[in-house]
Amino acid sequence: MKAPRLPFYYREPLLVRDQLDLVATHTAANCARAFTKLALAKWQTGSVQDDALLVVSELVTNAVTATTTLAGPERLSLVTVRLLGLRGSVVVEVWDLSAERPAAREPDEDSEGGRGLLLVGSLAARWGSYATGGGKAVWAELLLTRGNFTEQTWHRPGAPHDLDLLHRVLAGLHTIR
């Protein structure tokens, strides 16, 4: 089996990073926006905050939709949001369980949805996706308009958490009732 082709930022020096695992529910996008706002404030990268909030909202919404469609509404699943600080940009990366790669499409004028990846493409310097061991990651790079990160100690993020623990906790909560 061929190893997945990793995006450019795995070859770049990462200076800062934050990660959040979320249950794939309708509230995940709101939580991801709050997480992103706090992380970017901590990193002092306000110049990309508005764009990053829109991008993370779109990518998490798509991930939740893909994951809940795959797992079914009765099963809890996780999506993972990673924010990665490169020397002159911030990368928003969202992991989900679906192996289906995203594709921007031109929606009908009457469509209420389907414009998310077009929006991501217009805000990001570049975006893409890659296969992971248990699904895919979709990423978008946002250029910093002023300032750069200072180097901090960091560790390359690992894979999203195993869902078995989440399901055992859920089963335990059901037995308490």
Side-chain angles (χ1 to χ4, degrees), residues 4-10 12 14 16-43 45-71 73 75-86 88-107 111-145 156-161 163 166:
R5 185 166 188 258
L6 296 175
F8 76 96
Y9 53 88
Y10 276 84
E12 300 283 326
L14 293 178
V16 291
R17 73 133 176 111
D18 275 301
Q19 178 174 319
L20 178 67
D21 295 318
L22 296 163
V23 175
T25 65
H26 68 281
T27 60
N30 287 338
C31 294
R33 280 191 301 273
F35 162 74
T36 300
K37 189 173 184 176
L38 288 171
L40 295 179
K42 177 177 73 174
W43 297 355
T45 56
S47 66
V48 297
Q49 179 177 298
D50 292 341
D51 291 350
L53 293 176
L54 285 169
V55 167
V56 80
S57 183
E58 292 298 334
L59 296 184
V60 169
T61 298
N62 289 352
V64 167
T65 300
T67 298
T68 55
T69 301
L70 182 68
R75 298 230 352 137
L76 290 178
S77 298
L78 295 178
V79 296
T80 300
V81 178
R82 292 182 184 172
L83 302 175
L84 307 168
L86 305 177
S89 64
V90 171
V91 174
V92 175
E93 184 181 66
V94 178
W95 291 43
D96 66 54
L97 296 177
S98 172
E100 186 176 338
R101 303 294 280 268
R105 63 182 195 273
E106 200 63 46
S111 296
E112 290 187 24
R115 293 172 180 82
L117 289 176
L118 293 174
L119 177 63
V120 169
S122 70
L123 296 173
R126 51 188 161 171
W127 72 276
S129 66
Y130 65 96
T132 63
K136 71 171 173 307
V138 182
W139 58 269
E141 180 188 26
L142 302 168
L143 300 178
L144 294 172
T145 56
R156 183 169 299 283
H161 297 301
L163 291 177
L166 180 62

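Of all the heavy atoms in Ala63 and Val79, the pair that sits closest is CB-CG1, 3.8 Å. Residues Leu144 and Val48 come closest through the heavy atom pair CD2-CG1, 3.8 Å. In terms of heavy atoms, Tyr9 sits closest to Leu14 at O-CD2, 4.0 Å.
Taking the side chain as every heavy atom from C-beta outward, Asn62 and Val138 never approach each other to under 4.5 Å. The shortest side-chain heavy-atom distance between Val81 and Glu93 does not fall under the 4.5 Å cut-off. Trp95 is not listed as a side-chain neighbour of Thr67, based on a closest heavy-atom distance of 4.5 Å or more. Annotation: side chain of Leu83 is not in contact with side chain of Val91 (no heavy-atom distance under 4.5 Å).
Every side-chain hydrogen bond (donor to acceptor under 3.5 Å, both in side chains) that Thr25 has, sequence neighbours left out, goes to Thr27. Residues meeting the side-chain hydrogen bond (donor to acceptor under 3.5 Å, both in side chains) test with Thr61, sequence neighbours left out: none. With sequence neighbours excluded, the residues forming a side chain to side chain contact (heavy atoms under 4.5 Å, CB included) with Leu20 are Leu22, Phe35, listed by chain and number. In terms of the salt bridge (charged side-chain N to carboxylate O under 4.0 Å, His left out) criterion, residue partners of Arg126 (sequence neighbours excluded) are, by chain and number, Glu141. Residues forming a salt bridge (charged side-chain N to carboxylate O under 4.0 Å, His left out) with Lys42 (at least two apart in sequence, or on another chain): Asp18. The side chain to side chain contact (heavy atoms under 4.5 Å, CB included) test applied to Glu100 returns Ser98, not counting sequence neighbours.
In this structure, OG1 on Thr80 lies 3.5 Å from CG on Asp21, to the nearest 0.5 angstrom. To the nearest 0.5 angstrom, Asp96 atom CG is 9.5 Å from Thr65 atom OG1. Between the CG atom in Leu53 and the CG atom in Leu40 there is a gap of 7.0 Å [rounded to 0.5 Å]. Between Trp43 atom CH2 and Leu38 atom CG the span is 12.0 Å, to the nearest 0.5 Å. Interatomic distance, CG of Leu54 versus CG of Asp50, reported as 7.5 Å (0.5 Å rounding). Summarising the geometry, atom CD belonging to Gln19 is positioned 8.5 Å from atom CG belonging to Leu84; distances are rounded to the nearest 0.5 Å.
With ring centers used as reference points, Phe8 lies under 6.0 Å from Trp139.
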